[in-house]
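Input: a single structure, listed below in structure tokens.
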Protein chains: 2
Amino acid sequence: MTQQNRSLTLRDVSEASGVSEMTVSRVLRNRGDVSPATREKVLSAAKELGYVPNKIAGALASQRVNLVAVIIPSLSNMVFPEVLSGISQVLEDTELQPVVGVTDYLPEKEEKVLYEMLSWRPSGVIIAGLEHTEASRAMLNASGIPVVEIMDTDGEPVDAMVGISHRRAGREMAAAILKAGYKKIAFLGTKMPLDHRARKRFEGFTEVLAKSGVEVVDREFYSGGSALAKGREMTQAVLERSPDVDFIYYSNDMIGAGGLLYLLEKGIDVPGQIGLAGFNGVELLQGLPRQLATMDACRREIGIKAAEIIAARTEGKDKDTTVTLAPTISFGDTLRDA
Amino acid sequence: MTQQNRSLTLRDVSEASGVSEMTVSRVLRNRGDVSPATREKVLSAAKELGYVPNKIAGALASQRVNLVAVIIPSLSNMVFPEVLSGISQVLEDTELQPVVGVTDYLPEKEEKVLYEMLSWRPSGVIIAGLEHTEASRAMLNASGIPVVEIMDTDGEPVDAMVGISHRRAGREMAAAILKAGYKKIAFLGTKMPLDHRARKRFEGFTEVLAKSGVEVVDREFYSGGSALAKGREMTQAVLERSPDVDFIYYSNDMIGAGGLLYLLEKGIDVPGQIGLAGFNGVELLQGLPRQLATMDACRREIGIKAAEIIAARTEGKDKDTTVTLAPTISFGDTLRDA
DNA sequence: CATGGGAATGTTACCGCGATCATAAGCGCA
DNA sequence: TGCGCTTATGATCGCGGTAACATTCCCATG
């Protein structure tokens, strides 16, 4: 309770309760046989002193660290917090604890963050994406701990992977759009050469269009700023440049929502004159005047599966090494369901 | 590079480079005098092996942990990620590293998370809010490390605090609304008895209204679900129940945005017939058809100041112990600027 | 009544690193 | 040539715990 400089150790509790440090350690960890009487003594002494065990020392001695490194590009769009929430939910039933590192979509920063996290010798790593620097890959390999790469399954994992195929997501959306009869299709996205998943969606998208002899008639990319506002601006720009566009595919729901709001204001018939689709299935969409067509990225599910793999592996059990989730398209009100 | 079971130690690098462990340690930490030749040898050996230092051991030996515990209620609204980003920005120029724990607005979980984090013996704690369980307070006190309580300054901090006065924020908004001539005011918020900051804003708000003999004519609370959709629903409900309402104060921007969209759809004159205001100043607002009146909560700034205090204290310098930021009201298009 | 065996507790030896002090090597200068 | 001083490197110890083994004590059993 009182302010102390030298932080408390097992020895303090041991002295206060009249038993050996080892016994205190056993009580505090609920391990081994301790008589109820001693347990009681120790617990009350520990509480009295306000003792908080030192995990640093514990981890070093036991060679076990109950941490799981979670490395993601960003916290500021809704997608990763949701993945995190899935992870936390699963890990809460275990001894494990997630620790988050953010890379800002920069490979070098990812490398740095990974290095930093591995130096704490975590029990596992969950990391977004399949694209990493060579050094990062080497570290992951050398770490000797379970590694789950998440979000994306278009590529070769270091160890395990859980996600959806973004290429396929792009293809399916393209197919749905074509099937609905749209022909003049524009694409609006982020100016992020390093967002491999957005890139793969775009690739899958154009691939299917190409097969039908359709080409994206216009495209525009943004970076920074309010995604909602950017969606609005970019949509306006595209319409001015290419007035005959009849469909806009947005690389995420937020800019899609911006575009939708803009078109509705302009009194444009959606999805009659122009159809729209986004990507992610964010909750926010539910509050819009009209439901934006989108594709659920299974974010929570990905977090859950990834955490389950880590948890199982940590307990020695083997668990499937690749989980491919199937995103489902939701037509909403902005894409004619042919 | 190759998969190893026993993880590498200083000794491995020491053997590979033919110098003592101590010298390797010095090289890897850039500490003390080491000849360029040795340094080179050691670095290449370390790289070759793919050695990653063990911070657990390092921390134990040096009694220094470069971690700052950041304890926040939630990641899923835009407010805390923004605070985090301020913190990261500042800490990036130091040796310190933030580690985040999430409490879900539950005091017991906060206590658990705090205990867990303190057991890693971090160099400082940044924790949201001034309300904590007695045990949490005791732990913070006993920890002997700098503690900054953030977001709120209406109360007594354990150590330092950085934030805004939510009570005052509520008062100022009330004053602005009254000044603009609105009389029939409704309040829409979250059903969160544990969100003390929302509560304080509401208290300040009603306090000022009361002084002018005005009472909140209707109120409604939600929990869970899409905030945007809830704002929409609640607004509709209130209007049906109290058709003569001329102003709605929302406890956050997201539900405010939902309300705004709803009213615009209904063709209601905003801010003529009904005025609106939210709270937080989230970026999202910029993409709305009309600018919602709001109040900036200085989130990024709070993160920055808090991190600066921790950084200064860690270096032994003393830094101000209380920083009260002044939120500024932004009238937008939904509150007549009297 | 001696004995084996389990329950409760203690002792010892690290875990991997860094602080500290000791030592060795190089060098200028009288 | 030898002295003292700096620079480079090594040896030792301990951080605060835990694993593994050792010890004590007690009781049921033949």
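Here the structure is a predicted model, which means the values were calculated and not measured. Throughout, a chain's letter reflects where its sequence line sits, starting with A, and its residues are numbered from 1.
B/Leu10 comes within contact range of the sugar-phosphate backbone alone, with a heavy-atom separation under 4.0 Å but no base atom that close. Contact annotation for A/Arg29: backbone-only contact, meaning every heavy-atom pair under 4.0 Å involves sugar-phosphate atoms and none involves a base.
Residue B/Tyr51 places none of its side-chain N or O atoms closer than 4.0 Å to OP1 or OP2 of C/dG16. In this structure, B/Arg64 reaches the C/dA19 phosphate: one of its side-chain N or O atoms is under 4.0 Å from OP1 or OP2. Between A/Gln63 and the phosphate of D/dG17, there is no side-chain N or O to OP1/OP2 separation shorter than 4.0 Å.
B/Asp320 and B/Lys305 are not joined by a salt bridge, as no carboxylate oxygen comes within less than 4.0 angstrom of a charged side-chain nitrogen. Using a 4.0 Å cut-off between charged side-chain N and carboxylate O, B/Glu92 and A/Lys109 make a salt bridge. Salt bridge present: A/Lys55 and B/Glu116 bring a charged side-chain N and a carboxylate O closer than 4.0 Å.
Surrounding CZ of A/Arg11 are at most 12 heavy atoms belonging to other residues, nucleotides or ligands under 6.0 Å away. Heavy atoms from other residues, nucleotides or ligands lying under 6.0 Å from CD of A/Glu95 number 12 at most.
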Between protein and nucleic acid, restricted to nucleotides 7-14 of chain C and to nitrogen or oxygen atoms under 3.5 Å apart, what atom pairs and distances do you find?
unit_1	atom_1	unit_2	atom_2	d
C/dT9	OP1	A/Ser35	OG	3.3
C/dT9	OP1	A/Thr38	OG1	2.6
C/dT9	OP2	A/Ser35	N	2.9
C/dT9	OP2	A/Ser35	OG	3.4
C/dT9	OP2	A/Thr38	OG1	3.0
C/dG10	OP2	A/Ser20	N	2.8
C/dG10	OP2	A/Ser20	OG	2.8
C/dG10	OP2	A/Thr23	OG1	2.8
C/dG10	N7	A/Arg26	NH2	2.8
C/dG10	O6	A/Arg26	NH1	3.4

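For the residue pair A/Ser85 and A/Ser88, no side-chain donor N or O sits within less than 3.5 Å of a side-chain acceptor on the partner.
Taking atom CH2 on A/Trp120 and atom C1' on C/dG16, their separation rounds to 13 Å, with Å as the unit. Rounded to whole angstrom, the span from the NZ atom of B/Lys41 across to the C1' atom of D/dT9 amounts to 11 Å. Atom pair A/Arg11:CZ and D/dG14:C1' shows a separation of 13 Å (rounding to whole Å applied). Regarding A/Leu28, its CG atom lies at a distance of 13 Å from the C1' atom of D/dG16, rounded to whole Å. As rounded to whole Å, 13 Å separates atom P of C/dG18 from atom CD1 of A/Ile56. Spacing between atom CG of A/Asn54 and atom P of D/dG16 amounts to 7 Å, rounded to whole angstrom units. Following rounding to the nearest Å, A/Leu8 (CG) and D/dG16 (P) show an atom-to-atom distance of 11 Å.
A/Thr314 contributes a side-chain N or O that, together with a main-chain N or O of A/Ile310, makes up a donor-acceptor pair within less than 3.5 Å.
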